Amino acid sequence: MSELVLSESHGRVRVLTLNRPDKLNALNTALTEALVAWLEEADRDDAVSVVIFTGAGRAFCAGADIGEFADLTPDHAARVEHRAQLTLRSHLVFSRMKKPVIAAVRGAAMGGGAGLALACDLVVASENARFAYPEIKHGILPSIVMTNLTRQVGRKAAFELVSTGEAISAARAFELGAINKVVPDEKLMEATMALAQTLAGYKYEALFAIKQLFHKVVDVPLAEGLEEGRKSNVAMRAMYGAGTR
Ligand code: COA
């Protein structure tokens, strides 16, 4: 862990900031490893209820570090496999965490950067945010980010994004239901923090249980989801009356 990711606490809200602004927070291996480590650390920390995830500087994240592509060739199979596993972990970690993660997005969210934003539970974007899956323009494909994209927007919109590589505005991403809120750029952190503090004001056992149940039921058949809901309903009875913390 290093200064590649900045970590700050505001009461029960932890703010994690990708800190490679000169490269628009492009995800090289070190930054991706640090991000996963800091997210997991925030999830373990009992003093934290909610995580805000953002990027330093004018962009949220410009996606995979193109400079590393030259080393990720079939003759370096172990390196390629390690990088693919790391990328997978960085996109899976959000749904595995018990604490809600809110992305605060300004400027470019490209490729893996768009993927990370949409992997968060909630997304607040500045009016200048732009989301794209430009891999096709590099002659490659948005492989690991594709699955979640298909779950966040309709199929036609998802296919348009991955097949054209063109960026969409924050307003369009909002229309598609991919993000929760669009605010003026100067209000981005204030609006995100207000949302985070609202969530952090609730009883954390209930908040964490809501997130865990959400991710258990969101992609399963109805009857399976209802069964998970029944189990949570029984477990929930122990929470009632314990008050807000
Ligand atoms: N990997 C590595 N470096 C990147 C990067 C990436 N994905 N995206 C941006 N950078 C670097 C640039 O090389 C530049 O570095 P330099 O100042 O040392 O030359 C710096 O970040 C600023 O980027 P720049 O392109 O000058 O900014 P811009 O405002 O003109 O354009 C973008 C912004 C996001 C449109 C443009 O940087 C871009 O298209 N980046 C690639 C996005 C992408 O394709 N991601 C998916 C990869 S599969």
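Counting starts at 1 for both ligands and their atoms, in listed order. Bear in mind that the values here come from a model prediction, so they are computed numbers and not experimental data.
For P134, every heavy-atom contact with ligand 1 shorter than 4.0 Å involves the side chain, none the backbone.
Protein heavy atom in closest approach to atom 4 (C) of ligand 1: K23 O, 4.0 Å. Here the heavy atom of the protein found nearest to atom 2 (C) of ligand 1 is D65 OD1, 3.4 Å. Protein heavy atom at the shortest distance from atom 25 (O) of ligand 1 is L24 CD1, 4.9 Å. From the protein, the heavy atom lying nearest to atom 35 (C) of ligand 1 is M110 CE, 4.6 Å. Among all protein heavy atoms, the one lying closest to atom 42 (C) of ligand 1 is A62 O, 3.4 Å. For atom 29 (O) of ligand 1, the closest heavy atom belonging to the protein is R58 NH1, 2.7 Å.
For atom 12 (C) of ligand 1, the nearest protein heavy atom lies 4.0 Å away or farther. Under the 4.0 Å distance rule, the nearest protein heavy atom to atom 39 (O) of ligand 1 falls outside the cut-off. In this structure, atom 15 (O) of ligand 1 has protein heavy atoms in its sub-4.0 angstrom surroundings. In this structure, atom 6 (C) of ligand 1 has a protein heavy-atom contact shorter than 4.0 Å.
Ion pairing between a basic and an acidic side chain is recognised when a charged N comes within 4.0 Å of a carboxylate O; R151 and D219 show such pairing. Ion pairing between K137 and E166 holds under the 4.0 Å rule for side-chain N and carboxylate O. Using a 4.0 Å cut-off between charged nitrogen and carboxylate oxygen, E68 and R79 do not count as a salt-bridge pair.
For H138, a nitrogen or oxygen atom sits less than 3.5 Å from a nitrogen or oxygen atom of ligand 1, counting backbone and side chain alike. For the pair I66 and ligand 1, the shortest N or O to N or O distance falls below 3.5 Å. Considering both main-chain and side-chain atoms, A64 comes within under 3.5 Å of ligand 1 through a nitrogen or oxygen pair. Where the criterion is an N or O separation shorter than 3.5 Å, residue side chain and backbone included, A108 fails it with respect to ligand 1.
For N19 (side chain) and E3 (main-chain N/O), a donor-acceptor pair under 3.5 Å exists by modelled atom type.
D45 contributes atom CG, which lies 4.5 Å from atom CZ of R14 (distance to the nearest 0.5 angstrom). Distance CD/E227 to OG/S232: 10.0 Å, rounded to 0.5 Å. Interatomic distance, CG of D71 versus OG1 of T73, reported as 7.0 Å (0.5 Å rounding).
Neither side chain, S126 nor R106, offers a donor N or O lying under 3.5 Å from an acceptor on the other.
The closest approach between any non-hydrogen atom of D22 and ligand 1 is below 4.0 Å. Distances from ligand 1 to the non-hydrogen atoms of K137 include no value under 4.0 Å.
Against a heavy-atom cut-off of under 4.0 Å, E135 is close to the following atoms of ligand 1: 48 (S).
Hydrophobic clustering places V51 together with V93 (ILVMFWY residues linked when any side-chain heavy atoms are closer than 4.5 Å, directly or through intermediates).
Other residues, nucleotides and ligands place more than 12 heavy atoms under 6.0 Å from the NZ atom of K98.
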Derivation and outcome, salt bridge (charged side-chain N to carboxylate O under 4.0 Å, His left out), residues E41 and R44: CA-CA 5 Å; E41 192 274 332; R44 282 192 303 271; 5.9 Å; no
